[in-house]
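Contents: one structure, followed by commentary.
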Amino acid sequence: PNLILEAERRTAESLAQLFSSMLELGELQHQVELRQQAELRALQSQINPHFLYNSFFLLRGRIRRGDTQGAMDLAELLGQFFRFITYNETDFIPLADEWNNAYVYAKIQNNRFFDRFDMDFPALPPALAGLHVPRLIIQPVIENSIQYAFECSEEKGLLRTGWKED
């Protein structure tokens, strides 16, 4: 009888340890998710101030030269971009919205670089458009591509975007 009681006690202790470990892992996973959300929000809140200044100086230059249509087009793109980045209701959005924002950003940059690069920005397939992705996950990739490929180059280039389905 003592052997059975001892075995039951050890089983109960083992189960208690298992449940305790599961609770700790759950809490740890929750902390990791909170940290990832905070990092994502911090990334989303970072707007390169030079991008903002340069875009407004470009807009001012177009107005000063009397390029009304160019100024209106650029103002429309800037409005779309800043509306998107300041809308913070959700951390995950449809890929179609994120893709469109990356396109708008690339168009603004192409204006800033005086059409120094052509853009290949194909439409998303309908099967991908509704996928939910973190906000502002594509734009930093586009930003780095433009910065490192075209900023110091005198030659015209091509910004090609796309996706690969498995």
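Reckoned from all heavy atoms, side chains included, excluding hydrogens, waters and symmetry mates.
Annotation for Trp163 and Ala123: closest pair CH2-O, 2.8 Å, computed over non-hydrogen atoms. Of all heavy-atom pairs between Ala71 and Ile63, the closest is CB-CG1, 3.7 Å. Of all heavy-atom pairs spanning Ile85 and Leu136, the tightest one is CG2-CD2, 3.7 Å. The shortest heavy-atom contact between Ala149 and Ser153 is O-CB, 3.6 Å. Across all non-hydrogen atoms, the minimal contact from Lys156 to Asp115 is NZ-O, 3.2 Å.
Note on Leu95: it does not cluster hydrophobically with Val141, by side-chain heavy-atom contacts below 4.5 Å among ILVMFWY residues. Connection of Leu78 to Met72 is not established within any shared hydrophobic cluster, with ILVMFWY side chains joined at heavy-atom distances below 4.5 Å, either directly or through further cluster members. Leu158 and Tyr103 are not part of a single hydrophobic cluster, where members link through side-chain heavy atoms under 4.5 Å apart.
Counting only residues at least two apart or on different chains, no salt bridge (Lys or Arg N to Asp or Glu O under 4.0 Å) pair has a member in residues 70-84. Judged as a side chain to side chain donor-acceptor pair (under 3.5 Å), the pairs with a partner in residues 11-21 (not counting sequence neighbours) are, in order, Arg9-Glu13. Applying the ring pair (Phe, Tyr, Trp, His ring centres under 6.0 Å) test to every pair with at least one member in residues 130-150, sequence neighbours left out, gives these pairs: Phe117-Phe150. The salt bridge (Lys or Arg N to Asp or Glu O under 4.0 Å) analysis of residues 92-113, with sequence neighbours excluded, yields no pairs.
Residues passing the side-chain contact (heavy atoms from CB on, under 4.5 Å) test with Ala96, sequence neighbours excluded: Leu124, Ala129. Every side-chain contact (heavy atoms from CB on, under 4.5 Å) that Arg64 has, sequence neighbours left out, goes to Arg60.
Taken to the nearest 0.5 Å, the CD1 atom of Ile108 stands 12.5 Å off from the CD1 atom of Ile142. Here CD of Gln139 is found 9.0 Å from CD1 of Ile146. Values are rounded to the nearest 0.5 Å. In this structure, Leu23 CG and Leu18 CG are separated by 9.5 Å, a value rounded to the nearest 0.5 Å. Annotation: the span from Arg62 atom CZ to Thr68 atom OG1 amounts to 11.5 Å, rounded to 0.5 Å. To the nearest 0.5 Å, atom CD1 of residue Ile93 and atom CG of residue Asn101 are 7.0 Å apart. Distance check: Asn144 CG to Gln147 CD gives 6.0 Å after rounding to the nearest 0.5 Å.
Panel note: side chain Arg135, backbone Phe84; a donor-acceptor pair is recorded below 3.5 Å. Judged by distance alone, the side chain of Trp99 and the main-chain N or O of Phe121 form no donor-acceptor pair under 3.5 Å. Proximity of a side-chain donor or acceptor of Thr161 to a complementary backbone N or O of Asp120 within less than 3.5 Å is detected.
Residues Ile137 and Phe92 form no side-chain contact, since every pair of their non-hydrogen atoms from C-beta on lies 4.5 Å or further apart.
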Problem set entry | side-chain contact (heavy atoms from CB on, under 4.5 Å) assessment of Tyr105 paired with Ile138 | CA-CA 10 Å; Tyr105 177 81; Ile138 299 173; over 6 Å; no
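Just one residue in the list Phe113, Phe57, Phe81 forms a ring pair (Phe, Tyr, Trp, His ring centres under 6.0 Å) with Phe51, and that residue is Phe81.
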